[in-house]
S.K.: 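Dropping the structure in here first, questions after.
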Amino acid sequence: MAAVALDQYLASVLKSNITDTNEVKLEAGNPDFDLFTIYLENYNTGIHRYRMDVSTILYVAKGTVTIKSGEKIIPMKSGDVLLLTENSIYEVTKQTSDTVLAKLRFKPGFKYRKYFNDFSYKGNREIKVIKQIVDSLENEHVLWLKNNQITRASQVMQHIIGGYLNNDLFIKALIQAELTVMLIISIRTQRMATPTSLDKTKFEKKSLNNYIDMHFADVSLAEAAKYFGFNPNYFSNMVKAKTGKSFVDHVDERRMQEARELLVQPDLSLKEIIGRVGYSSKSFFYKKFNQYYHMTPAAMREELFRQANINLK
């Protein structure tokens with residue numbers, strides 16, 4: 001199955017489903033495949049809440065979805081990956097009408113600690129990263145890895161799902177290798193967006209970045225200052241002094257990054273993108289986008305499509 005058509009195929013599976021269950025099971029192409037089972041989040045109404053008895057990976061193949069885990073709100077978009085440990089509890093609170101959320105539910109006995117430890121050759125840098133990952137998973141039960149449709153990690157993830165659906169030779173060994181590749185690439189090429197509880201008593205740039213990651217589409221200086229426990233004027237001056245940029249500049253930068261990632265999705269209009277990243281004025285969005293990227297959103301979208309070999313003509 002071609003990777004570029006995978007999201008369309010999965011969407012068709014959901015649309016043709018007539019059951020009212022919260023999940024739709026995908027049958028493996030090889031009935032003896034025993035690494036994980038894949039489910040799709042259904043579009044039915046009602047509360048979609050889960051308590052996991054096995055390790056699970058969530059992958060957004062299309063659209064956007066919001067996951068709630070404890071007090072953490074995780075706004076995921078196409079390409080994002082979320083690792084969940086055994087005994088984690090999560091809820092799917094929001095998903096768009098075209099969202100395709102795939103869930104790789106591992107067989108009992110799969111442990112992230114052992115899996116990630118096998119990545120490292122025991123160099124100090126790698127040991128430090130692996131410890132950070134494992135500690136986050138064990139303490140928070142979730143690890144959020146941010147990608148988009150055109151990143152190699154997302155393309156490998158699509159290939160993993162496609163391989164699961166087919167019955168090719170040595171498919172389990174290939175999927176195990178590709179799973180390792182996907183996770184390593186995600187870890188190496190991006191800042192992990194771990195939705196940990198922020199320390200409100202000690203302001204740090206990392207805490208600010210994490211807060212903006214979760215709230216950039218609907219945030220204000222007053223709300224952020226209240227969250228961190230400061231007077232708005234004091235908070236504004238402190239952010240500028242510690243980071244060299246104003247709070248508004250930080251939010252605009254994050255919104256521009258999100259806009260670029262959403263532009264690669266052919267089914268999203270510019271109007272939808274503007275709303276999703278938190279702007280109400282089209283002209284103001286265009287002005288900010290041009291200041292940040294020195295090109296129009298339409299020109300950026302055309303270039304991203306060219307890089308991803310997407311031809312809509």
Side-chain angles (χ1 to χ4, degrees), residues 3 6-7 10 22-28 33-42 48-69 72 74-92 95 99-119 130 133-134 136-138 140-149 151-165 171-190 192-195:
L6 178 67
D7 60 342
L10 297 179
N22 287 354
E23 297 177 317
V24 178
K25 181 180 178 181
L26 293 180
E27 297 295 340
F33 185 82
D34 61 356
L35 181 59
F36 53 71
T37 302
I38 297 182
Y39 297 83
L40 300 179
E41 188 72 14
N42 202 358
H48 290 212
R49 183 179 295 118
Y50 306 91
R51 179 186 292 273
M52 305 311 302
D53 56 355
V54 294
S55 299
T56 302
I57 292 179
L58 306 188
Y59 170 67
V60 184
K62 184 180 181 182
T64 62
V65 63
T66 299
I67 303 296
K68 182 179 180 182
S69 177
K72 306 170 191 67
I74 308 167
M76 299 177 66
K77 64 184 183 314
S78 180
D80 281 0
V81 170
L82 189 70
L83 310 186
L84 296 157
T85 65
E86 296 176 5
N87 302 317
S88 59
I89 301 173
Y90 74 94
E91 183 177 337
V92 180
Q95 60 177 336
T99 295
V100 177
L101 175 63
K103 308 175 179 185
L104 284 62
R105 192 170 296 167
F106 288 86
K107 299 300 181 183
F110 180 89
K111 301 293 185 182
Y112 284 117
R113 173 178 287 280
K114 181 181 184 306
Y115 191 77
F116 280 114
N117 280 339
D118 289 343
F119 287 3
I130 295 300
I133 293 170
V134 173
S136 177
L137 279 166
E138 292 185 346
E140 304 296 331
H141 304 295
V142 295
L143 182 70
W144 182 18
L145 300 173
K146 304 186 71 177
N147 296 299
N148 62 55
Q149 282 184 320
T151 60
R152 186 181 171 200
S154 182
Q155 292 169 359
V156 172
M157 193 65 189
Q158 293 173 18
H159 199 262
I160 288 171
I161 298 174
Y164 169 88
L165 294 170
I171 193 61
K172 180 178 178 180
L174 179 59
I175 285 178
Q176 285 178 313
E178 288 181 326
L179 187 62
T180 299
V181 169
M182 184 278 294
L183 290 169
I184 289 176
I185 292 173
S186 295
I187 293 166
R188 287 181 59 186
T189 61
Q190 65 176 11
M192 290 181 294
T194 311

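Residues: numbered from 1 along the sequence shown. Any value given below was found using the heavy atoms of this structure, including those in side chains, with hydrogens, waters and symmetry copies removed.
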S.K.: Would you check if the side chain of Ser55 reaches a backbone N or O of Lys111 as a donor-acceptor pair within less than 3.5 Å?
M.R.: no
S.K.: Closest approach of Asp80 and Pro75, non-hydrogen atoms and distance?
M.R.: OD2-O, 4.2 Å
S.K.: Give the minimum heavy-atom separation between Met76 and Ile67, together with the two atoms involved.
M.R.: SD-CG1, 3.8 Å
S.K.: If I take atom CG from residue Leu183 and atom CD1 from residue Ile57, how far apart are they, to the nearest 0.5 angstrom?
M.R.: 5.5 Å
S.K.: Out of curiosity, Ile89 CD1 to Leu84 CG, how far, rounded to the nearest 0.5 Å?
M.R.: 11.5 Å
S.K.: How close do Thr85 and Leu137 get, counting heavy atoms only, and between which atoms?
M.R.: CG2-O, 3.5 Å
S.K.: Could you give the distance from CE (Met182) to CD (Gln155), rounded to the nearest 0.5 Å?
M.R.: 13.0 Å
S.K.: His48 and side-chain hydrogen bond (donor to acceptor under 3.5 Å, both in side chains): which single residue from Glu91, Glu41, Gln95 fits?
M.R.: Glu41
S.K.: Are any of the side-chain heavy atoms of Tyr59 and Gln158 separated by less than 4.5 Å?
M.R.: yes
S.K.: Does Asn22 form a side-chain contact (heavy atoms from CB on, under 4.5 Å) with Asn42? I'd like the steps, not just the answer.
M.R.: CA-CA 5 Å; Asn22 287 354; Asn42 202 358; 5.5 Å; no
S.K.: So, Tyr115 side chain and Thr180 main chain: donor-acceptor pair closer than 3.5 Å or not?
M.R.: yes
S.K.: Within the 4.5 Å heavy-atom criterion, are Glu23 and Arg105 side-chain neighbours or not?
M.R.: yes
S.K.: Could you tell me the separation between the CZ atom of Phe110 and the OG1 atom of Thr56, rounded to the nearest 0.5 Å?
M.R.: 10.0 Å
S.K.: Starting at CZ of Phe33, measure out to NZ of Lys107 and round the result to the nearest 0.5 Å.
M.R.: 9.0 Å
S.K.: Is there a side-chain contact (heavy atoms from CB on, under 4.5 Å) between Leu104 and Tyr164? Walk through the geometry before answering.
M.R.: CA-CA 10 Å; Leu104 284 62; Tyr164 169 88; over 6 Å; no
S.K.: Once you round to the nearest 0.5 Å, how far does CG of Leu83 lie from CH2 of Trp144?
M.R.: 13.0 Å
S.K.: Tell me the closest heavy-atom pair linking Ser69 and Val142, and the distance in Å.
M.R.: OG-CG1, 3.6 Å
S.K.: Measure across Phe116 and Ile130 and return the closest heavy-atom pair with its distance rounded to 0.1 Å.
M.R.: O-CD1, 3.3 Å
S.K.: Would Leu179 and Gln176 satisfy side-chain contact (heavy atoms from CB on, under 4.5 Å), going step by step from the backbone distance to the final call?
M.R.: CA-CA 5 Å; Leu179 187 62; Gln176 285 178 313; 5.8 Å; no
S.K.: Do you know which two heavy atoms are closest between Ser186 and Ala153, and how far apart they sit?
M.R.: OG-CB, 3.4 Å
S.K.: Should Leu58 and Tyr90 be marked as a side-chain contact (heavy atoms from CB on, under 4.5 Å) after you check the CA-CA gap, both sets of side-chain angles, and the distance that decides it?
M.R.: CA-CA 11 Å; Leu58 306 188; Tyr90 74 94; 3.9 Å; yes
S.K.: Which of these, Leu6, Val60, Leu10, sits in a side chain to side chain contact (heavy atoms under 4.5 Å, CB included) with Val100?
M.R.: Leu10
